Amino acid sequence: MGMPPNTLDLPVARQGCDAALDRIRAKVESGERLSIEDGLTLYETPDLWSVCEMADLVRRRMHADVAWYNVNRHLNYTNICALSCNFCAFARKRGDEGAYEHTIEDVRNEARSAAESGATEMHVVGGLHPWHSFDFYTEMLRAIREEAPSIHIKAFTAVEIVHLARISKRGRDGADGIRTVLTELREAGLGSLPGGGAEVFDDRVHDEAFKGKIRGDAWMDVHRIAHELGIHTNATMLYGHIEGREERVRHMEILRGQQDAALQDWADSEGIDTTQGVVLTGPDELYKGNRMPTVETCERGYYQTCIPLPFIPDDSDLEHLYGPSGLENLRTVAIGRLMLDNIPHMKAFWIMQTLPLSQLMLQMGGADDIDGTVVWYDITKVEGCGTHQETTVSDLHRTIREAGLRPMERDTLYRPVLRNGAEWTVDKAIQ
Ligand code: V47
């Protein structure tokens, strides 16, 4: 993956005062919501420094000097997938070179090893396996639960959930099937949903790059139903392929609208007045206590974190594309922080952003989280590396400290963790 031969059409990053940003800066300072037009201005301005400065301001309001990480383990239980999305280099058909499907026993062993190493979370996703029955998925969760009772299982993208609703033939209709499947998965051990599979909520882009996959409205239905059931979820945005910047900003606005509805639902259930709306990124004087309901008090789910994912073209059918540049990645995370004023966390997923760039995103780009130790990762790979993509807690600490921030270990629900070797508990004192 090289640099594009002609970069002249990209805005040059310059420090300086772009007057077009004055009105946006005033909104950010007073905690006013940004519009789609503001988002586009933030993309078009050459003054990337100011974009980052504003993102850093809201990040500090929300998280002070804390940057979050976790001790986790990703597990891709199969790469066999019924879909053939152009952007994906992970999926295989059965019999293809490199195709694999882990057994329940493999998953059980991985859970044991994760627990022994002190992981607090397993992040479990895979391809849409054409023959596994629904029971395979509940058995897999139960196996993890048995081996590692204290590990939080964050599993299955919305795309997998829709697939499970179809194969299990649960429910009277689509929404009821999803609700039933989520309920049964939760009984088997599911703790929350990861943010994968959202790609970009735009039908043109969808039909060119992810045809066959569920569209944005179906992705959001799954997350809405999860929130109604009290299951927390995350949200991604895959950018830097065939979408444009406007489609990214619209994607953010759609997520923001859905989060408004989730938080409103929570506030209504608690009798909390939200006539002013919920903009978590505003100045401190707007907040009497916490900016968010804590997991202990909130019986509804909501989006905890947004994870902008830079497209990595290697080995995909879109390999002729270049993928986004480092500055575009920095800008996108910063704009995400500014636009998504009601989502508490912004994650720089170091596996895809790289550790050095994630560090920059923490220091100046509005990110407050870099995911975790990961261990295995198969969806995207760095040239020359296999699926073993692990970092250590001490590297994560160093990365965060060098960015001038304070590393704080979290569990999946962003509760601080107290650790003694492989032993850990949620730190109730600083919730
Ligand atoms: O759903 C696939 C994306 C996602 C490529 O919830 C690609 O905390 C870049 O969702 N280049 C999986 N991206 C990753 C994901 C995730 C990661 C970390 C944390 C969380 C969380 C979620 O990766 C897929 C797809 O959108 N993806 N292929 C690619 N070539």
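From a predicted model like this one, the values you see are computed outputs, not experimental measurements. Atom set for the values below is all heavy atoms of this structure, side chains included, hydrogens, waters and symmetry mates excluded. Remember, it's 1-based here, ligands and their atoms both numbered in the order they're listed.
- Remark: the backbone N or O of Ala143 is not paired with any side-chain donor or acceptor of Glu146 at under 3.5 angstrom.
- Less than 4.0 angstrom separates some heavy atom of Lys154 from each of these atoms of ligand 1: 6 (O), 8 (O), 21 (C).
- The parts of Ile312 lying near ligand 1 are both backbone and side chain, judged by heavy-atom distances below 4.0 Å.
- Any N or O atom pair closer than 3.5 Å counts here, and Gly196 shares at least one such pair with ligand 1.
- The shortest N/O to N/O separation between His123 and ligand 1 does not fall below 3.5 Å.
- For atom 12 (C) of ligand 1, the nearest non-hydrogen atom from the set Tyr377, Phe90, Trp350 belongs to Tyr377.
- Of the polar atoms of Thr305, none of the N or O atoms is found under 3.5 Å from an N or O of ligand 1, judged by distance alone.
- Distances from atom 7 (C) of ligand 1 to the heavy atoms of Leu309, Leu238, Thr233 show the closest one on Leu238.
- A distance-only check finds no donor-acceptor pair linking the side chain of Asp368 to the backbone of Ala67 [under 3.5 Å].
- In terms of polar-atom proximity, defined here as any N/O pair under 3.5 Å, Pro313 makes no such contact with ligand 1.
- A donor-acceptor contact shorter than 3.5 Å is absent between the side chain of Lys347 and the backbone of Pro308.
- Contact atoms of ligand 1 toward Asn234: 6 (O), 8 (O), 21 (C) (distance under 4.0 Å to a heavy atom of the residue).
- Side chain of Glu184 to main chain of Val181: no donor-acceptor pair is present (N/O by atom type, distance under 3.5 Å, no hydrogens or angles).
- If you run side chain to side chain contact (heavy atoms under 4.5 Å, CB included) between Val159 and each of Leu164, Val125, Leu128, only Leu128 comes through.
- Within the structure, the ring-ring contact (aromatic ring centres under 6.0 Å, His included) test picks out the following pairs touching residues 86-118 (sequence neighbours left out): Phe87-Phe210, Tyr100-His102.
- Close approach of ligand 1 to Gly197 is summarised as follows: ligand atoms under 4.0 Å from at least one heavy atom of the residue are 1 (O), 26 (O).
- The six-membered or imidazole ring of His63 lies away from that of Tyr414, with a centre-to-centre distance of 6.0 Å or more.
- In summary, the atoms of ligand 1 found under 4.0 Å from a heavy atom of Pro194, numbered by their order in the structure, are 6 (O).
- Atom 25 (C) of ligand 1 has Glu199 OE1, 3.5 Å as its closest protein atom, hydrogens excluded (heavy atom only).
- With Arg215 as the fixed residue, the salt bridge (charged side-chain N to carboxylate O under 4.0 Å, His left out) test singles out one of Asp202, Asp207, Asp221: Asp207.
- Shown in contact with Ile307 at under 4.0 Å from a heavy atom are these atoms of ligand 1, numbered in order with element: 6 (O), 8 (O), 20 (C), 21 (C).
- Contact atoms of ligand 1 toward Met352: 9 (C), 13 (N), 23 (O) (distance under 4.0 Å to a heavy atom of the residue).
- Under the 30°/60° scheme for interplanar angles, the aromatic rings of Trp219 and His223 are found to lie parallel.
- Taking atom 5 (C) of ligand 1 as the reference point, the nearest protein heavy-atom neighbour is Thr380 CG2, 3.7 Å.
- In terms of polar-atom proximity, Cys88 is not counted as a contact of ligand 1, lacking any N or O under 3.5 Å from an N or O of the ligand.
- Under a 3.5 Å cut-off, the side chain of Ser113 and the backbone N or O of Asn109 do not form any donor-acceptor pair.
- Relative orientation of the His132 and Tyr137 rings is perpendicular, given thresholds of 30° and 60° on the angle between their planes.
- Note: no N/O pair closer than 3.5 Å links Thr236 and ligand 1 by distance alone.
- For the residue pair Val51 and Thr45, the shortest heavy atom distance occurs at CG2-CG2, 3.6 Å.
- The contact set between ligand 1 and Asp371, taken as ligand atoms under 4.0 Å from a residue heavy atom, comprises 19 (C).
- The closest protein non-hydrogen atom to atom 6 (O) of ligand 1 is Gly195 N, 2.8 Å.
- Side chains of Gln259 and Asn342: no donor on one and acceptor on the other come within 3.5 Å.
- Checked by distance only, ligand 1 and Lys347 come closer than 3.5 Å through their nitrogen or oxygen atoms.
- In this structure, atom 2 (C) of ligand 1 lies nearest to the protein heavy atom Phe87 CE1, 3.3 Å.
- Ring planes of His251 and Phe201: parallel class, angle under 30° (limits at 30 and 60°).
- Checked against a 3.5 angstrom limit, the closest N/O atoms of Phe349 and ligand 1 fall outside it.
- When each atom of ligand 1 is checked for a heavy atom of Pro310 under 4.0 Å away, the hits are 9 (C), 11 (N).
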